[in-house]
Amino acid sequence: MAEVVLFHHIHGLTPGVTAFAEALRSAGHTVHTPDLYDGNVFDTIEDGRAYARQVGFDTLLDKGVAAAGELPADVVYGGFSLGGMPAQLLAQTRPTRGALLFHTSIPPKEFGGPWPAAVPVRVHAMDHDPFFVGDDGDLDAAREIVAAATDGELHLYPGDQHLFTDVSLPAYDAEATALVLRRTLEFLADK
């Protein structure tokens, strides 16, 4: 069974993020869910973004790195959207068994260089998510990461929602999330 560090998205550590983590735990995995927002949860992306700007994205990134500091080197790093920042940074710069990037990918050069070929990675997003396929460049970054990884896969699901894996948000898509969860468990099975 794998040990996973799963970072929350821009809304905070919502019941939906906790539910996803619980699904992984139910399959026998150990899952850590650091709270980068110190208990704050926001109803909208805009409110979450305002809080993240107030705290500072670099501060949130540092908090994510610090949260993983006490854990063994052989964990899998995962993150939903905003949480993909610390997950990807850690996967690119520390020993790891793999990375799970949900609704996000950042150009690897932002964290010091190309994606390490030996780090397995799975990226999950909707094919018309305006945050993922729009001007932010997440889709291009995801393709770059997957191409660099010896074991990399990009999974695009039909739809236009951003945080569709969070059961506590209006964007939730049960069918797509079931497939994401199945693929995530398959990925973790040999980690």
Side-chain angles (χ1 to χ4, degrees), residues 1-10 13-14 16-36 60-125 132 138-157 163-166 176-191:
M1 293 292 112
E3 188 163 2
V4 181
V5 181
L6 193 60
F7 295 101
H8 63 75
H9 50 64
I10 197 87
L13 187 56
T14 63
V17 172
T18 302
F20 195 95
E22 282 302 319
L24 301 182
R25 289 182 187 115
S26 293
H29 303 289
T30 300
V31 183
H32 307 274
T33 53
D35 186 351
L36 305 180
L60 295 172
L61 189 59
D62 291 344
K63 287 177 80 168
V65 170
E70 302 291 321
L71 299 173
D74 60 350
V75 301
V76 172
Y77 296 109
F80 298 97
S81 192
L82 171 81
M85 288 186 336
Q88 186 173 328
L89 170 66
L90 290 161
Q92 279 190 224
T93 60
R94 291 193 178 172
T96 182
R97 290 187 179 263
L100 293 161
L101 302 175
F102 303 102
H103 324 291
T104 189
S105 292
I106 298 159
K109 68 181 179 188
E110 296 294 323
F111 299 125
W115 184 263
V119 175
V121 60
R122 298 296 182 271
V123 181
H124 301 271
F132 190 81
D138 288 335
L139 179 58
D140 291 337
R143 288 180 173 146
E144 179 183 349
I145 289 167
V146 168
T150 302
D151 178 10
E153 294 178 9
L154 168 60
H155 297 285
L156 295 174
Y157 304 84
L163 301 172
F164 69 92
T165 56
D166 188 318
T177 299
L179 185 52
V180 170
L181 189 56
R182 190 189 91 218
R183 288 172 168 164
T184 298
L185 292 172
E186 288 169 359
F187 177 71
L188 294 175
D190 65 351
K191 302 293 177 259

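Computed over heavy atoms, backbone and side chain alike; hydrogens, waters and symmetry mates excluded. Only a predicted model underlies this, so the values are computations on that prediction, with no experimental measurement involved.
- Closest approach of Ala23 to Leu181, counting heavy atoms only: CB-CD2, 3.5 Å.
- The side-chain hydrogen bond (donor to acceptor under 3.5 Å, both in side chains) contacts involving residues 99-109 comprise His103-Thr165, where partners must be two or more places apart or lie in separate chains.
- At least one side-chain heavy atom of Val121 sits under 4.5 Å from a side-chain heavy atom of Leu101.
- A distance of 9.0 Å separates CZ of Phe164 from CZ of Phe102, quoted to the nearest 0.5 Å.
- A salt bridge (Lys or Arg N to Asp or Glu O under 4.0 Å) check over residues 80-90, counting only residues at least two apart or in different chains, returns nothing.
- Within the structure, side-chain hydrogen bond (donor to acceptor under 3.5 Å, both in side chains) contacts touching residues 177-191 (residues at least two apart or in different chains) are His155-Arg183, Tyr157-Arg183, Arg182-Glu186.
- In this structure Ala178 satisfies the side chain to side chain contact (heavy atoms under 4.5 Å, CB included) test with no other residue, sequence neighbours excluded.
- Of all the heavy atoms in Pro34 and Phe7, the pair that sits closest is CG-CE2, 3.7 Å.
- In this structure, CG in Leu156 is found 6.0 Å from CG in Leu139, a value given to the nearest 0.5 Å.
- You'll find the side chain of Pro108 reaches within 4.5 Å of the side chain of Glu144, heavy atoms only.
- To the nearest 0.5 Å, the span separating CG on Leu36 from CG on Leu61 amounts to 9.0 Å.
- Here the CG-CZ distance, from Leu154 to Phe132, works out to 5.5 Å after rounding to the nearest 0.5 Å.
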Donor-acceptor pairs are to be reported for all side-chain atoms of residues 66-89 against protein atoms at under 3.5 Å, with residues two or more places apart or in another chain.
{"unit_1": "Asp74", "atom_1": "OD2", "unit_2": "Arg97", "atom_2": "NH2", "d": "3.4"}
{"unit_1": "Ser81", "atom_1": "OG", "unit_2": "His162", "atom_2": "NE2", "d": "2.7"}
{"unit_1": "Gln88", "atom_1": "OE1", "unit_2": "Ile106", "atom_2": "N", "d": "3.0"}
{"unit_1": "Gln88", "atom_1": "NE2", "unit_2": "Gln92", "atom_2": "OE1", "d": "2.9"}
{"unit_1": "Gln88", "atom_1": "NE2", "unit_2": "Ile106", "atom_2": "O", "d": "2.6"}

Inset, instruction - Please assess His8 against Thr18 for the test side chain to side chain contact (heavy atoms under 4.5 Å, CB included), listing each intermediate value before the final yes or no. - result: CA-CA 9 Å; His8 63 75; Thr18 302; over 6 Å; no
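- By the salt bridge (Lys or Arg N to Asp or Glu O under 4.0 Å) test, Glu3 is found to be paired with no residue, residues two or more places apart in sequence or in another chain being considered.
- Checked against side-chain hydrogen bond (donor to acceptor under 3.5 Å, both in side chains), Asp138 has no partners two or more places apart in sequence or in another chain.
- Using a 4.5 Å heavy-atom cutoff, the side chains of Thr33 and Leu13 are in contact.
- In this view, Glu22 and Arg25 satisfy the salt bridge (Lys or Arg N to Asp or Glu O under 4.0 Å) rule, not counting sequence neighbours.
- For Thr14, the side-chain hydrogen bond (donor to acceptor under 3.5 Å, both in side chains) criterion is met by Asp166, not counting sequence neighbours.
- The salt bridge (Lys or Arg N to Asp or Glu O under 4.0 Å) test applied to Asp35 returns no partner, not counting sequence neighbours.
- In this structure Asp62 satisfies the salt bridge (Lys or Arg N to Asp or Glu O under 4.0 Å) test with no other residue, sequence neighbours excluded.
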